[in-house]
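Notes follow once the structure below has been shown.
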Amino acid sequence: MEYQEIIQRRTARELRPHTLVNLGIGLPTGVAHYVKHEDGVLFQSENGIIGMGGRPPAGAENPYLTDAGGNCVTAVPGAMSLDSALSFGLIRRHVDTCVLGGLEVDETGRLANWMVPGKIVPGMGGAMDLVANAKRIIVAMQHIAKGQPKIVPKCTLPLTADRRIDLIVTDLAVIEPTEEGLVLREYAPGISVEDIIDKTSARLIIPDVVTEMPIAAK
Amino acid sequence: MKNPITPAEAVAQIPDGASLMIGGFMGCGTPYTLIEALVTAGKKNLTIISNDNDRVNQGIGRLIREGCVSHVITSHIGLNPETQKGMIDGTIKVDLVPQGTLAEQIRAAGYGLGGVLTKTGLGTVAAKAGETVHLNGEDWIYMPPLKADFALIHAAQADYTGNLTYQLTAQNFNPLMALAADQVICEALEFMPVGTISPDLVRTPGVVVDILVPAQGNRPIKPN
């Protein structure tokens, strides 16, 4: 299984039925592939839609129905379109779970994911609104990037919000940031706890029970 | 009644150095026709307030490519390396604002309010753009209202009084910007006789729209 699929399958299990969920562009977008229609999860995209569906077949695109990357999408029955003020009102008060990528997460559960000073200055887009306000934040990312751990003692990059995120799902592990620190909850199939500790520069709390990540279809 | 005029006539009213709000989100709901008219007219030194800077040489990215812009206020430039280069080289001043805060700053100006109190950006570098205040036992960032000389917006339908409808995700910042600028120029895909758009569907009242322009064609569909 490719690393993206491991992360997407595991993250999909975290979404609660009949809630509003925002998926970031890129790897998090693919989480939707592993969510069953009958769960009634409604995907919200900050550019202005509740009930975003998958990509349309070629030739059936509507140029005025897009995701936050400007790519054509579909709308599910029961969808609603919105302007940016209503969209962010929902984000501040009513989005249940937001899944987004990360550059760094640290021992306090703080996330940095919007810029690398002097190198990449993309702008925060809606990330700061989402991370500061959504009820539950899941960071879905590769455990290491270019050989470097992304789960670090303290973020060196500018923070996205001064808020402890709720869960980290990587291709190796599921880690829960808590008041006491980062608690290892699950390991991916074929990965040992020692492997995870080795590839994490932050201190991990290892409880008595760490379980294998369930990544089969629900 | 507002008779539609040509894109060139519409942008002739915009002087160099003006501040422009431009609707759209990564090209969806972007007034392409008016942008191309600005490029053709060779406008300079514009301040652009918009959600993003689209992609290189597309939509708002056309204005960046053609050197029309000296200042942008936006939430995202990640897919336009030319704006990023301008920011790093110092040729374009770039103010980055969280997207929801930007929407509310524009809405505050358009609704005649004194600004926005938000939690977004507390404890981050974004807090430096505003003022952190302590009210009723909580910290907030105060951000002032944001207005512009002109708003350039895109609508699905317009009637000849300027009543506007929007389509799907092409709404985004358009209805907010339509209230927040001194002069509002709207390009519409379709013109309707007065009375044929249901009052329930009108999202921007014609009274705030100054100039109507026919949009020249649909947004091009980009491959996913």
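Lettering of chains follows the sequences in order, A, B, ..., and the numbering in each one begins at 1. What you see below is based on every heavy atom in this structure, not just the backbone, and it leaves out hydrogens, waters and symmetry mates. Note that the structure is a prediction, hence the values are computed from the model and not measured.
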At a heavy-atom separation under 4.5 Å, does [X] approach chain A through its side chain, its backbone, both, or neither?
X: B:L176; value: side chain
X: B:A103; value: side chain
X: B:P175; value: side chain
X: B:Q167; value: both
X: B:T83; value: neither
X: B:V94; value: neither

Is the count of non-hydrogen atoms from other residues, nucleotides or ligands lying under 6.0 Å from [X] atom [atom1] greater than 12?
X: A:E38; atom1: CD; answer: yes
X: B:E138; atom1: CD; answer: yes
X: A:H37; atom1: NE2; answer: no
X: B:Y111; atom1: OH; answer: no

Close approach to chain B in [range], criterion heavy atom under 4.5 Å:
range: residues 99-115 of chain A; answer: A:W114
range: residues 151-173 of chain A; answer: A:L159, A:T160, A:A161, A:D162
range: residues 125-142 of chain A; answer: A:G125, A:G126, A:M128, A:D129, A:A132, A:N133
range: residues 85-97 of chain A; answer: A:A85, A:F88, A:R92

Practice task
Would you mind telling me which of B:L79, B:N53, B:T118, B:N218 has the largest number of heavy-atom pairs within less than 4.5 Å of chain A?
Solution key: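 The candidate making the most pairs under 4.5 Å is B:N218.
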Practice task
Could you check which of B:D52, B:I106, B:N80, B:V97 has the highest count of heavy-atom pairs closer than 4.5 Å to chain A?
Solution key: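 Top count of heavy-atom pairs under 4.5 Å with chain A: B:V97.
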Practice task
Indicate whether any N or O donor in one side chain lies under 3.5 Å from an N or O acceptor in the other, for B:Y166 and A:D83.
Solution key: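 Short answer, no.
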Problem - Between A:S81 and B:Q171, a side-chain donor and acceptor under 3.5 Å - result: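 Result is yes, a qualifying pair exists.
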Can you tell me how far the [atom1] atom of [X] sits from the [atom2] atom of [Y], to the nearest 0.5 Å?
X: B:T124; Y: A:M124; atom1: OG1; atom2: CE; answer: 6.5 Å
X: A:T66; Y: B:R219; atom1: OG1; atom2: CZ; answer: 5.5 Å
X: A:M80; Y: B:L168; atom1: CE; atom2: CG; answer: 12.0 Å

Problem - Side chain to side chain, B:N172 and A:N47, heavy atoms closer than 4.5 Å - result: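 Answer no - side chains too far apart.
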Problem - Close side-chain approach of A:S84 to B:Q99, heavy-atom, < 4.5 Å - result: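 The answer is no, as the side chains (C-beta and beyond) never meet within the 4.5 Å cut-off.
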Problem - Top contributor to chain B interface from A:G48, A:A58, A:P63, A:A79 [non-hydrogen pairs under 4.5 Å] - result: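 Of the candidates given, the most pairs with chain B belong to A:P63.
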